[in-house]
Amino acid sequence: MRIASWNVNSVKQRMPRLLPWLDQRQPDVVCLQETKLADGAFTELLGESLDARGYEVAVYGEARWNGVAILSRAGLDDVVTGIANGPGFPHPEARAIAATCGGIRVHSVYVPNGRIPDSDHYRYKLTWLAALRDVVGAGPEAVIVCGDLNIAPTDADVFDPLAYAGQTHVTPPERAALAELQALGLRDVVRDRWPGERVFTYWDYRAGMFHKDLGMRIDLALASAPVAGRVRAAWIDRHARKGTGPSDHAPVIVDLDEAPDGDIGPVVPPPSAPSVRPGTAKLPQSP
DNA sequence: ATGTCAGCACCCTGCTGA
């Protein structure tokens with residue numbers, strides 16, 4: 001079974017990329033984030049195309065911002081939208097949806113950005129992550145949390161730690177909140193498969209960041225042992241970030257063996273291996 | 001050099017969010 005996750009940055013704008021990508025990569029389960037579309041409009045826009053490709057669809061969207069979805073041709077049961085007892089900003093936002101697909105509890109999440117450390121939005125992010133941990137912890141043992149976590153787990157997950165000094169996505173409290181979630185027993189299956197490699201999922205549209213491979217790894221697939229033990233491959237589909245009209249995020253793709261074996265073997269912690277000399281590259285600044 | 005998108009309100013440029 002192939003599970004994929006992609007922050008599409010507007011599913012309406014990404015239609016010309018999304019449908020060919022589905023045909024090319026043939027994922028069985030797709031977690032989407034930043035659909036930026038109300039549920040009715042999503043169905044109107046994509047329902048027929050997805051049905052023709054054999055996907056059932058669960059959506060949780062808003063008219064303008066946020067929005068998550070799960071597409072599945074491996075079953076789509078017990079759909080839950082939102083995070084129980086989760087915070088809003090100030091109202092609940094469409095940032096999480098879960099369903100059971102092929103015996104696995106699949107969560108598609110779009111974690112709040114955080115904007116500026118110690119801001120209201122940053123505190124919202126941390127509270128939201130704690131609520132997510134509670135929901136995942138209370139759920140089935142076979143689980144995968146996919147999506148835009150808006151946290152780079154370690155300094156090896158950004159092109160230059162110094163470029164991000166003092167910014168959201170890399171602060172210790174955010175990484176601690178992610179570690180709390182992973183403490184449920186969730187493996188970062190892409191990092192497990194690419195220890196020490198330069199692996200990013202997001203590159204700012206500005207300043208030729210993708211061309212220079214100056215990115216971050218903030219889109220993750222976090223799997224419990226029964227799922228992580230079945231991972232045959234886990235990788236970033238960098239090709240989907242190229243060409244005309246891409247999202248600023250690339251998809252994460254995880255292939256699972258059909259037969260569980262429960263043993264993921266030795267796991268090597270990722271050494272920090274930046275190929276940009278620290279302090280030599282800068283982030284684009286907002287106008 | 002600053003470098004981009006997307007959505008929206010308001011009117012076609014400028015704001016917010018990322």
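First the proteins, then the strands, lettered A, B, ... as listed; each starts at 1.
In terms of position along DNA chain B, the nucleotide closest to A:Ala63 lies nearer the 5' end than the nucleotide closest to the other residue of the pair A:Ala63 and A:Gly114. Residue whose closest nucleotide on DNA chain B sits further toward the 5' end, between A:Gln13 and A:Asp248: A:Gln13.
Of the candidates B:dG7, B:dT4, B:dG3, the closest approach to any side-chain atom of A:Ser10 belongs to B:dG7. For A:Arg115, counting side-chain heavy atoms from C-beta on, the closest listed nucleotide (B:dG3, B:dG7, B:dG17) is B:dG17. The side chain of A:Lys36 sits closest to B:dA6 out of B:dT4, B:dA6, B:dC8. Considering only side-chain atoms of A:Asn113, the nucleotide from B:dG7, B:dA18, B:dG3 that sits closest is B:dA18.
Of the candidates A:Tyr110, A:Trp6, A:Tyr202, A:Phe200, A:His249 forms a ring pair (Phe, Tyr, Trp, His ring centres under 6.0 Å) with just one, namely A:Tyr202.
Comparing B:dC15 with B:dC11, their C1' atoms sit 14 Å apart, to the nearest whole Å. The separation of B:dG14 from B:dC10, taken at their P atoms, amounts to 16 Å, rounded to a whole angstrom. When the C1' atom is compared between B:dG7 and B:dC12, the two are found 15 Å apart, to the nearest whole Å. When the C1' atom is compared between B:dG3 and B:dC8, the two are found 24 Å apart, to the nearest whole Å.
Rounded to whole Å, atom P of B:dA6 lies 18 Å from atom CZ of A:Arg64. Rounded to a whole Å, the CZ atom of A:Phe210 is 15 Å from the C1' atom of B:dT4. The CZ-P distance, from A:Arg14 to B:dC5, rounds to 10 Å in whole Å. Between A:Glu62 atom CD and B:dC8 atom C1' the separation is 15 Å, expressed in whole Å. Rounded to a whole Å, the OH atom of A:Tyr122 is 18 Å from the C1' atom of B:dA18. For the pair A:Asn7 CG and B:dA6 C1', the computed distance is 12 Å after rounding to whole Å. Spacing between atom CG of A:Asn66 and atom P of B:dA6 amounts to 17 Å, rounded to whole angstrom units. Remark: P of B:dT16 and NE2 of A:His121 are 15 Å apart, rounded to the nearest angstrom.
Within the 4.0 angstrom heavy-atom criterion, only backbone atoms of the sugar-phosphate kind lie near A:Tyr110; the bases stay farther away.
A salt bridge links A:Glu174 with A:Lys125; the closest basic N to acidic carboxylate O contact falls under 4.0 Å.
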Requested in this report: Could you check A:Thr171 against A:Tyr122 for side chain to side chain donor-acceptor pair (under 3.5 Å), going step by step and ending with a plain yes or no?
Outcome: CA-CA 10 Å; A:Thr171 66; A:Tyr122 179 88; 2.7 Å; yes
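For the pair A:Arg123 (side chain) and A:Gly114 (backbone), a donor-acceptor distance under 3.5 Å is absent.
For the residue pair A:Gln33/A:Asp148, the side-chain donor-acceptor check at 3.5 Å is not satisfied.
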